[in-house]
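Heads up: the structure comes next, in structure tokens.
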There are 2 protein chains.
Amino acid sequence: MITTSPRRVFAALSDPTRQQLVDWMAAGETGTATEFAERLPISRQAVSRHLSELAGAGLTIGTRRGKEVRYSFDAAPLSDATKWLEARAELWEGVLGALAQHLSAD
Amino acid sequence: MITTSPRRVFAALSDPTRQQLVDWMAAGETGTATEFAERLPISRQAVSRHLSELAGAGLTIGTRRGKEVRYSFDAAPLSDATKWLEARAELWEGVLGALAQHLSAD
DNA sequence: CACTCGTGCAATCGTTATGTTGCATATAAC
DNA sequence: GTTATATGCAACATAACGATTGCACGAGTG
């Protein structure tokens, strides 16, 4: 199993256009660069590069069907990213807990 | 309560230096730009700007104590970002579930 | 085969990000 | 008051990002 770096996922999700693409595809839509470009204010090539970056983060999979490449979603990297966030949140909770204990012990 | 945009949080966490700073601070360490710069291969000013970007995402809080500004962590924005990720993951789970149901109904 | 449609790659351009250095300012210590 | 320390701001160089245009390639269609 390929583990996608959370950093890569965060970078992919830091752009509004890519967030929009993820929203569409996570809702079950598939599409080609050309199709998505019709719904966005940017060119097909720009959309294509955004889809490539999402693919680099493991969030999309492009499948060639005839002359078109249809992109669909893959949620797997989201769980790695979620774990990364939760690990830091829990670490911080532990720090706050230790601090509270230290204060009450005085 | 100020809700920090998940996009801003993702952008903040997409840089290795800022991830390192978050790791340190989420573990309970506090520090000044000067202190952190001693442990990083970049200048104090560069660290200061990273801390500012983290502060912009709501992940750090800088407190002036005498002549120094000491930065500490705030985990609150992490939960918004986690929710964003989980919402998409659940959406996708629903899509997969509907697809499975559709296939079994045929 | 000629034509169309979709994609992919390269060059280009403007903007933003990341880093540096230099200098100014404010606070604490002598 | 002078000195040392820490920060803040501005100017600058370089790299990366987001987008564009132009052109070439591949896959279907007449």
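Keep in mind that the numbers below use all heavy atoms, side chains included, and drop hydrogens, waters and symmetry copies. Chain letters run A, B, ... following the sequence lines, proteins first and then strands; every chain starts at 1.
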[N] [atom2] sits how many Å from [X] [atom1], rounded?
| X | N | atom1 | atom2 | result |
| --- | --- | --- | --- | --- |
| B/L51 | C/dA17 | CG | P | 17 Å |
| B/L54 | C/dA17 | CG | P | 14 Å |
| B/D15 | C/dT18 | CG | C1' | 8 Å |
| A/R49 | D/dA19 | CZ | C1' | 8 Å |
| B/R65 | C/dA26 | CZ | P | 22 Å |
| A/F36 | C/dG6 | CZ | C1' | 15 Å |

- prompt: If you find the nucleotide of DNA chain D closest to A/Q45 and the one closest to B/A33, which residue's nucleotide is nearer the 5' end?
  reply: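 By nearest-heavy-atom nucleotide position, the 5'-most residue is B/A33.
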
- prompt: Which residue lies toward the 5' end of DNA chain D, B/E35 or A/S14, if each is placed at its nearest nucleotide?
  reply: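 Looking at the nearest nucleotide for each, B/E35 comes out on the 5' side.
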
Among [options], which nucleotide has an atom closest to any side-chain atom of [X]?
| X | options | value |
| --- | --- | --- |
| B/R18 | C/dT7, C/dT20, C/dT18 | C/dT18 |
| B/K67 | D/dG18, C/dC5, C/dA28 | C/dA28 |
| B/A46 | D/dG18, C/dT7, C/dG19 | C/dG19 |
| B/V69 | D/dT7, D/dA19, C/dG6 | D/dT7 |

Below 4.0 Å: OP1/OP2 of [N] and any side-chain N or O of [X]:
| X | N | result |
| --- | --- | --- |
| B/T32 | D/dT7 | yes |
| B/T17 | C/dT18 | no |
| A/H50 | D/dA19 | yes |

task: Describe, in one word, how the ring planes of A/W84 and A/F10 are oriented to each other, choosing from parallel (under 30°), tilted (30 to 60°) and perpendicular (over 60°).
output: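 Geometry flag for A/F10 against A/W84: perpendicular rings.
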
Geometric cation-pi criterion, A/R88 with A/W92: 6.0 Å, 45°: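 Not satisfied by the 6.0 Å and 45° rule.
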
query: Side chain of A/R18, backbone of A/A11: donor and acceptor closer than 3.5 Å?
result: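 Yes, because the side chain of A/R18 sits within donor-acceptor range (under 3.5 Å) of the backbone of A/A11.
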
- prompt: So what does B/E53 touch, heavy atoms closer than 4.0 Å: a base, only the sugar-phosphate, or nothing?
  reply: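 Sugar-phosphate, no base atom in range.
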
query: With sugar-phosphate meaning primed atoms plus P, OP1 and OP2, does B/S43 contact a base, only sugar-phosphate, or nothing at under 4.0 Å between heavy atoms?
result: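 Base contact.
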
Regarding [N], can its base be found pairing with the side chain of [X] as donor and acceptor, where the two atoms are less than 3.5 Å apart?
| X | N | result |
| --- | --- | --- |
| B/R44 | D/dG8 | yes |
| A/E68 | D/dG26 | no |
| A/R64 | C/dG6 | no |

- prompt: Can you name the closest pair of heavy atoms from A/A81 and A/P6 and give their distance?
  reply: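 What the structure gives for the nearest pair is CA-CB, 4.2 Å.
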
field: Distance-minimising heavy-atom pair for A/A12 and A/L59
entry: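 Answer, listing the atom of A/A12 first, then A/L59: CB-CD1, 4.3 Å.
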
